[in-house]
Structure formats: C-alpha cells, structure tokens
Protein chains: 2
Amino acid sequence: MFSKACEYAIRATIFIAARSVEGKRTSLKEISREVDSPVAFTAKTLQKLSKSGIILSTKGAHGGFNIDPTQMSAIKVSQIVMAIDGDMVYKRCSLGLDSCSEDHPCPFHARFKPVRQDLQNIVENTSLLDLTSGLVSGSTFLKV
Amino acid sequence: MFSKACEYAIRATIFIAARSVEGKRTSLKEISREVDSPVAFTAKTLQKLSKSGIILSTKGAHGGFNIDPTQMSAIKVSQIVMAIDGDMVYKRCSLGLDSCSEDHPCPFHARFKPVRQDLQNIVENTSLLDLTSGLVSGSTFLKV
DNA sequence: TGAAATAAGGACATGTTAGTCTTTATTTTT
DNA sequence: AAAAATAAAGACTAACATGTCCTTATTTCA
C-alpha cells in the first residue's frame with residue numbers, strides 16, 4: 001500500500017504533532033526511537049516532509065522537528081503521502097494497465113473503484129489532528 | 001497494491017479463462033502477447049498458479065494453459081492473490097506496525113479498516129467468471 | 001523414430017526500495 | 001571562541017522485486 005518510507009513518514013509526523021501540542025520540539029533520535037524506525041532512513045523522509053512544508057526543522061542544540069499546532073487540522077494525510085509516494089496509490093489501475101479508465105476499463109476496474117475512492121477520501125479527509133488526538137489520549141499507538 | 005507478478009497473474013488468468021470458455025488452450029507466448037507481460041516472468045507466475053491448482057497446464061505441441069469452465073465461478077480473485085502475494089495485502093497494518101490490532105490500534109487503524117475490509121470482500125467475492133464475462137463481451141480490456 | 005512445440009526449472013542480470021555511513025552546516029551552550 | 005548538539009546532504013551498501021536466458025522434460029506430429 002504505502003512504501004516503508006511513507007509509513008515511517010506518517011508515524012513520525014503523528015509523533016511530532018503529539019509533541020508539538022505540548023509545545024515541544026523533537027529530535028530525530030527521539031522520533032526514530034518512539035516510532036521504531038531506522039534513524040538515518042527516517043532522516044531522509046523527514047527532510048522531504050520539511051521541504052514540503054509539512055514539518056518545521058531547526059538545527060543545533062535543542063533543535064529538532066515540530067509542527068505549528070494551528071496547522072494540524074489543515075494538514076491532511078494525503079499531503080504526507082503525496083510528498084513521499086506521490087498519488088499513484090489511489091490513482092493506479094489495480095491490474096497495472098496504463099490505459100485503464102472509465103472508457104477503457106480493465107476487468108477489475110468497476111469493482112475496485114469504490115475501494116480506491118474510499119481510500120482517497122479517507123486519506124484526503126483525515127487530518128493530522130484527527131490522528132494525533134488518539135495518540136495523546138493513549139487510545140492509539142505508534143509502536144509495540 | 002498488488003505486485004507486478006500478481007497483476008500479470010490476474011490478467012493472465014482472466015485471459016486463459018476467456019479462451020477456456022471457447023474450449024481452447026492458450027500458450028504462454030499468446031498469453032503474454034495478449035496480456036502485455038514479459039514472457040519469461042509470466043511463465044514463473046503461471047507455474048505458481050498451476051501448482052496452486054488454479055490453472056491447468058499441458059506440455060508439448062498444442063499444449064498450453066486452460067481452466068475447467070465449470071470451476072470458473074468457484075475460483076475467486078483472492079485465490080490468485082494468495083498464490084502469488086499472500087494475504088498481507090488486506091491484512092497488513094497500513095502504517096506497518098506488526099502489533100497493530102483492534103486492541104492495540106495504530107492511529108490510522110479505525111479509519112483504514114473499511115477500506116481493507118472492502119478490498120478483502122471484493123477480492124474474496126468476485127469470481128473468475130465475473131471478471132471474464134466483460135472481456136468476452138468486449139466491455140473490458142486486458143491491454144491497450 | 002526424429003523433429004518441433006510446448007511448459008518447467010534454475011542460474012543469472014537489472015532496477016528499485018530500503019537502509020547505512022561519513023562529512024558538512026547550523027545553532028546553542030559554556 | 002570552542003565545544004556540543006543537532007539537521008542536511010551525498011555517497012555508499014543491502015535486500016528484494018522484476019525480468020532474462022539457457023537447459024531440460026514432455027508431448028504431438030510427420
């Protein structure tokens with residue numbers, strides 16, 4: 001579904017968001033520990049998120065990553081996915097045909113459509129805030 | 001979503017099925033031509049399908065692949081997927097957590113659940129016959 | 001029986017994703 | 001100003017998915 005990089009990105013972003021509501025910045029080291037992801041690899045994906053303007057980064061001692069809390073309901077999961085994987089996840093033909101479309105559908109097209117649509121809706125309509133509140137309240141988890 | 005191998009497998013199986021309703025066997029060469037997939041790679045996936053009992057293979061001149069037409073409504077897409085990719089497609093946590101479950105959900109779990117469920121239902125309930133009829137009638141396509 | 005047509009099998013090649021390591025840049029603290 | 005703590009950047013490596021090639025086995029046909 002999502003690439004590893006994208007999974008880490010979403011997990012990391014949620015963690016950074018949770019810290020940001022407490023007014024704290026989080027270091028790469030802490031993120032990868034709490035999100036259970038490889039440090040150096042996670043660094044790469046965070047750089048992309050930072051360049052895409054989804055997270056803010058600060059170098060130096062007491063630096064790290066954070067997110068403007070007032071933005072957290074505006075940031076959608078789709079933005080993270082787009083920054084890392086692109087939108088092919090929910091646009092691509094399920095059977096891999098380049099030319100699959102409403103006019104020229106693959107045999108699976110019609111049946112698969114609601115799944116893809118649903119996925120797209122969910123990803124475009126759930127905000128970072130939505131995902132973060134459960135983590136803050138302790139009802140959801142980012143690692144074992 | 002599905003691996004390339006699995007996409008080819010589904011396309012190939014539908015094509016073989018369409019030929020089988022006409023009482024014909026199809027050679028590997030013809031399959032990969034009509035389904036637009038690399039010959040040798042497709043051979044591998046067909047071997048798996050054959051070993052899984054989803055398709056029948058016959059060696060030698062006038063050999064090839066076919067499917068018992070009376071089985072075509074019993075064979076579900078999920079069987080093909082299972083034979084090639086396994087069932088992780090619709091079982092795996094969307095954020096990659098090994099320990100994600102109803103009791104210990106990731107932040108995306110609840111929202112993602114209907115998508116996964118839907119996908120699983122569709123894949124388990126659409127039969128090979130379902131996918132083949134459109135191809136036979138000319139309303140769906142397996143390549144450009 | 002020999003040749004041709006096919007699938008099966010295994011070794012190899014290529015490409016992409018995932019991941020590491022090292023150096024550099026920036027900021028804060030002392 | 002120097003040291004420490006951090007992120008950024010780029011080169012490198014590893015693992016896996018995708019794909020090719022060659023040889024072998026089986027079947028049919030002339």
Side-chain angles (χ1 to χ4, degrees), chain A residues 1-13 15-16 19 24-67 81 83-86 88-89 92 95-96, chain B residues 1-13 15-16 19 24-33 35-67 81 83-86 88-89 92 95-96 98:
Chain A
M1 185 71 76
F2 302 127
S3 69
K4 276 288 165 199
C6 192
E7 291 174 0
Y8 297 150
I10 297 172
R11 277 151 56 187
T13 306
F15 182 69
I16 295 167
R19 279 316 182 80
K24 291 183 181 166
R25 266 202 293 254
T26 318
S27 73
L28 169 62
K29 218 168 76 178
E30 191 183 9
I31 293 166
S32 41
R33 177 169 23 92
E34 294 303 321
V35 143
D36 195 22
S37 64
V39 183
F41 189 63
T42 304
K44 296 295 174 63
T45 77
L46 292 184
Q47 282 174 40
K48 285 188 193 164
L49 294 179
S50 169
K51 280 179 186 156
S52 305
I54 295 167
I55 63 178
L56 305 169
S57 93
T58 318
K59 287 183 179 182
H62 293 193
F65 299 89
N66 69 301
I67 295 171
V81 174
I84 307 294
D85 280 351
M88 281 312 169
V89 209
R92 224 175 139 274
L95 299 188
Chain B
M1 185 71 78
F2 302 128
S3 70
K4 276 287 165 201
C6 193
E7 290 175 0
Y8 298 150
I10 296 172
R11 278 149 59 186
T13 306
F15 182 70
I16 296 167
R19 281 315 183 81
K24 291 183 181 165
R25 264 202 294 253
T26 319
S27 73
L28 170 61
K29 218 168 75 178
E30 192 184 9
I31 293 167
S32 41
R33 175 168 26 89
V35 142
D36 196 22
S37 64
V39 183
F41 190 63
T42 304
K44 297 297 172 62
T45 76
L46 292 183
Q47 282 174 38
K48 285 188 193 165
L49 294 179
S50 169
K51 281 180 185 155
S52 307
I54 294 166
I55 62 178
L56 305 169
S57 94
T58 319
K59 286 184 180 180
H62 295 193
F65 299 89
N66 69 301
I67 295 171
V81 174
I84 307 294
D85 280 351
M88 281 312 170
V89 209
R92 224 175 139 275
L95 299 189
D98 285 339

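Side chains are part of it too, since the values below use all heavy atoms of this structure and drop only hydrogens, waters and symmetry mates. A, B, ... follow the sequence lines: proteins, then strands. Residue 1 opens every chain.
Remark: the backbone N or O of Ser3(B) is paired with a side-chain donor or acceptor of Asp85(B) at under 3.5 angstrom.
When the C1' atom of dA7(C) is taken as reference, atom CD1 of Ile31(B) falls 11 Å away, rounded to whole Å. Remark: P of dA7(D) and CG of Leu49(A) are 14 Å apart, rounded to the nearest angstrom. Rounded to an integer number of Å, the gap from CG of Leu56(B) to P of dA8(C) is 11 Å. Between the NZ atom of Lys48(A) and the P atom of dA8(D) there is a distance of 14 Å, rounded to whole Å. Following rounding to the nearest Å, Leu28(B) (CG) and dA5(C) (C1') show an atom-to-atom distance of 12 Å. The nearest whole Å value for the distance from the CG atom in Leu46(B) to the C1' atom in dG19(D) is 15 Å. Between the P atom of dT6(D) and the CZ atom of Arg33(A) lies a distance of 11 Å, rounded to the nearest Å. In this structure, Lys44(B) atom NZ and dA13(C) atom P are separated by 14 Å, rounded to whole Å.
Residues Ile31(A) and Ser27(A) form no side-chain contact, since every pair of their non-hydrogen atoms from C-beta on lies 4.5 Å or further apart. Taking 4.5 Å as the limit, every side-chain heavy atom of Ser32(B) sits out of range of all side-chain heavy atoms of Tyr8(B). Using a 4.5 Å heavy-atom cutoff, the side chains of Met1(A) and Met1(B) are in contact. Inter-residue side-chain proximity for Val81(A) and Val89(A) is flagged as met; some heavy-atom pair is nearer than 4.5 Å.
Applying the 4.0 Å criterion to OP1 and OP2 of dG9(C), one finds that Gln47(B) has a side-chain N or O inside that range. At dA8(C), one or more side-chain N or O atoms of Ser57(B) fall inside 4.0 Å of OP1 or OP2 (strictly under the cut-off).
The pair Arg33(B)-Glu30(B) fails the salt-bridge criterion, with no side-chain N (NZ, NE, NH1 or NH2) lying under 4.0 Å from an Asp/Glu carboxylate O. Here Arg11(A) does not pair with Glu34(A) in a salt bridge; the nearest charged N to carboxylate O distance is not below 4.0 Å.
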Which atom pairs link the protein and nucleotides 16-18 of chain C when you take only N or O atoms and keep those under 3.5 Å?
residue : atom : partner : partner atom : Å
dA18(C) : OP1  : Lys4(A) : N            : 2.9

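Within 4.0 Å (heavy atoms only), Lys51(B) reaches sugar-phosphate atoms of the nucleic acid but no base atom.
Atoms CG and CZ, from Asp98(B) and Arg92(B) in turn, are 8.5 Å apart once rounded to the nearest 0.5 Å.
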(message) Across nucleotides 22-30 of chain D, 5' to 3', mark each nucleotide with B, S or - according to how protein heavy atoms within less than 4.0 Å reach it.
(response) ----BBSS-
Using atom types as modelled, flag every donor-acceptor pair under 3.5 Å from a side chain in residues 45-64 of chain B to any protein atom, sequence neighbours excluded.
residue  : atom : partner  : partner atom : Å
Thr45(B) : OG1  : Thr42(B) : O            : 3.0
Ser52(B) : OG   : Lys48(B) : O            : 2.8
Thr58(B) : OG1  : Arg25(B) : NH1          : 3.1

